[in-house]
Amino acid sequence: MPKILTIFGTRPEAIKMAPLVNALSKNNEFETKVAVTAQHREMLDQVLGLFQIIPDYDLDIMQHGQTLNQVTSRVLNGLEGVLSKERPDLVLVHGDTTTTFVSALASFYQQIPVGHVEAGLRTDNIYSPFPEEMNRRLTGSISNIHLAPTAQAAANLRKENIEDNMIFITGNTVIDALLQTVGKDYSFTDPKLIEVLENDSKIILLTTHRRENWGQPMKNIFQAVKELLSKHKDITVVFPIHKNPQIRKLANEILGNLARVVMIEPLDYQPFANLMKKSYIVMTDSGGMQEEAPSLGKPVLVLRDTTERPEAVNAGTVCLVGTDKARIMEQVSVLLEDQEQYRKMSKASNPYGDGRACERIIGALSYYFGTTDRPDDFHQ
Ligand code: UD1
Ligand code: UDP
């Protein structure tokens, strides 16, 4: 029976790998093991708890203020023993974090094949997002199986001469996670959120954490939010702040003590996804939220200059606004004041998946190990 070791370390990887780990564990064709690097700690543990995943290995590498080099060396050293002890037939990694790339590298050093989930996204600018664009490319170069979420991602891989037979279009597992998590009857328990949801104001859900936005770009974002709050009395901004201390300091300086800003700890995925569903507009530099919000019919203003997720921009539900204060204010104001524009951007679309990505990935793995035919592709 093929042994598959899944490795992940941060919140978004965990959310996107959790439904796959659970589907693999229920499948008696494979032996399944899980190793977490814990590049994130609390934000990872929230997801492990929600999806009831108990890892077989936990490298526990996170340190406050960690640098890229520190994460790289801790993951590389930590995985050496795990991989030589387990000798899996395949390692599965996800996406574009430093955990992703280094786990692929550590596997390569022991000549263990790698499957890359969420393969093929590209901006074609190695510094944006940084270091994720390069992490994803390097992981692709090492990988043997490429699980591309969309046709566009698969086309990007073909351009790089990746063997066509090893590219599978699966949809994104984040939609599987979202559909398993968002429910009509969800009841919020956080008193701050209950209060916001009970008043009549429009909720703007804000998140920001990208490295290339640290410093002035993030300052611009917070200043735009501050001015929007004084211009529009009918909005409340809910901002679950990433654990990174740099971001917290700046957010508190500019937005601390302002009325109608609710700054809270990162939310568990279940309340967060359900809050996204109740929001009016999403403002974010997150990758995953650009995939989730369109399927909930929420307009997304992306606080970045590039995106490796063009599908929702083409579908009209995501707009790339960048980090210029005036442009952010203008775009939010348009959505608040122009009903027609809001309606156009808030129509639900599912360019990223149909909730069957895990099933197709498992089909691709069975095909790779020679036990089934090729699975069908995801079509947008
Ligand atoms: C990482 C990923 C990024 C991903 C993001 C998702 C890299 C290089 N970056 O960025 O691709 O989009 O995660 O959120 O792989 N911290 C805590 N507790 C936590 C998590 C983080 O305290 O649970 C703090 C720590 O001080 C840590 C800092 O945040 O040192 C930064 O974490 P790190 O994983 O290095 O970078 P992110 O910005 O989270
Ligand atoms: N998310 C969450 N709680 C929060 C903020 C975000 O569960 O307080 C989820 C969100 O729904 C998405 C993922 O975390 O699935 C995005 O993670 P993040 O923005 O940290 O990383 P990125 O997607 O940019 O890699």
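Counting starts at 1 for both ligands and their atoms, in listed order.
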Name the one of N144, L90, I145 that satisfies side-chain contact (heavy atoms from CB on, under 4.5 Å) with V114?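 Only one of N144, L90, I145 forms a side-chain contact (heavy atoms from CB on, under 4.5 Å) with V114, namely N144.
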Under 3.5 Å donor-acceptor pairs involving side-chain atoms of residues 373-380, not counting sequence neighbours:
unit_1: R374; atom_1: NH1; unit_2: N165; atom_2: O; d: 2.8
unit_1: R374; atom_1: NH1; unit_2: N165; atom_2: OD1; d: 3.4
unit_1: R374; atom_1: NH2; unit_2: I167; atom_2: O; d: 2.6

Crowding at CD, E160 (>12 non-hydrogen neighbours, <6.0 Å):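 Counting other residues, nucleotides and ligands, CD of E160 exceeds 12 neighbours.
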Would you call the rings of H242 and H209 parallel, tilted or perpendicular if under 30° counts as parallel and over 60° as perpendicular?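 H242 vs H209 ring planes: parallel.
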Just do the salt bridge (Lys or Arg N to Asp or Glu O under 4.0 Å) check on D354 and R360 with the steps written out, would you? CA-CA 11 Å; D354 55 3; R360 292 193 189 88; 2.8 Å; yes
List the protein residues in contact with ligand 1, where contact means a heavy-atom separation under 4.0 angstrom.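 Around ligand 1, where the cutoff is 4.0 Å for heavy atoms, the contacting residues are T10, P12, Q39, H40, R41, E42, M43, M62, Q63, H64, G65, Q66, L68, T97, T98, P131, E132, H209, R210, R211, H242, K243, N244, P245.
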SB check D96 R137 (cutoff 4.0 Å):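 Not counted as a salt bridge, because no side-chain N and carboxylate O are separated by less than 4.0 Å.
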Name of the residue among E292, E132, E118 meeting salt bridge (Lys or Arg N to Asp or Glu O under 4.0 Å) with R309: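 It is E118; the other options fail the test.
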Decide yes or no on side-chain hydrogen bond (donor to acceptor under 3.5 Å, both in side chains) for Q180 and D176, but give the supporting numbers first. CA-CA 6 Å; Q180 288 170 24; D176 299 32; 5.4 Å; no
N/O contact list for ligand 2, threshold under 3.5 Å:
unit_1: ligand 2; atom_1: 3 (N); unit_2: R11; atom_2: NH1; d: 3.4
unit_1: ligand 2; atom_1: 3 (N); unit_2: L267; atom_2: O; d: 2.8
unit_1: ligand 2; atom_1: 8 (O); unit_2: L267; atom_2: N; d: 2.8
unit_1: ligand 2; atom_1: 11 (O); unit_2: E292; atom_2: OE1; d: 2.8
unit_1: ligand 2; atom_1: 11 (O); unit_2: E292; atom_2: OE2; d: 3.3
unit_1: ligand 2; atom_1: 14 (O); unit_2: R11; atom_2: NE; d: 3.3
unit_1: ligand 2; atom_1: 15 (O); unit_2: E292; atom_2: OE1; d: 3.4
unit_1: ligand 2; atom_1: 15 (O); unit_2: E292; atom_2: OE2; d: 2.6
unit_1: ligand 2; atom_1: 19 (O); unit_2: H209; atom_2: NE2; d: 3.4
unit_1: ligand 2; atom_1: 19 (O); unit_2: S286; atom_2: OG; d: 3.1
unit_1: ligand 2; atom_1: 20 (O); unit_2: R11; atom_2: NE; d: 3.3
unit_1: ligand 2; atom_1: 20 (O); unit_2: R11; atom_2: NH2; d: 2.8
unit_1: ligand 2; atom_1: 21 (O); unit_2: H209; atom_2: NE2; d: 3.4
unit_1: ligand 2; atom_1: 23 (O); unit_2: S286; atom_2: OG; d: 3.1
unit_1: ligand 2; atom_1: 23 (O); unit_2: G287; atom_2: N; d: 3.2
unit_1: ligand 2; atom_1: 23 (O); unit_2: G288; atom_2: N; d: 2.7
unit_1: ligand 2; atom_1: 24 (O); unit_2: H209; atom_2: NE2; d: 2.9
unit_1: ligand 2; atom_1: 24 (O); unit_2: R210; atom_2: NH1; d: 3.1
unit_1: ligand 2; atom_1: 24 (O); unit_2: G287; atom_2: N; d: 2.8

Restricting to ring-ring contact (aromatic ring centres under 6.0 Å, His included), what partner residues turn up for F188, sequence neighbours left out?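 If we apply the ring-ring contact (aromatic ring centres under 6.0 Å, His included) test to F188, skipping adjacent residues, the hits are Y186.
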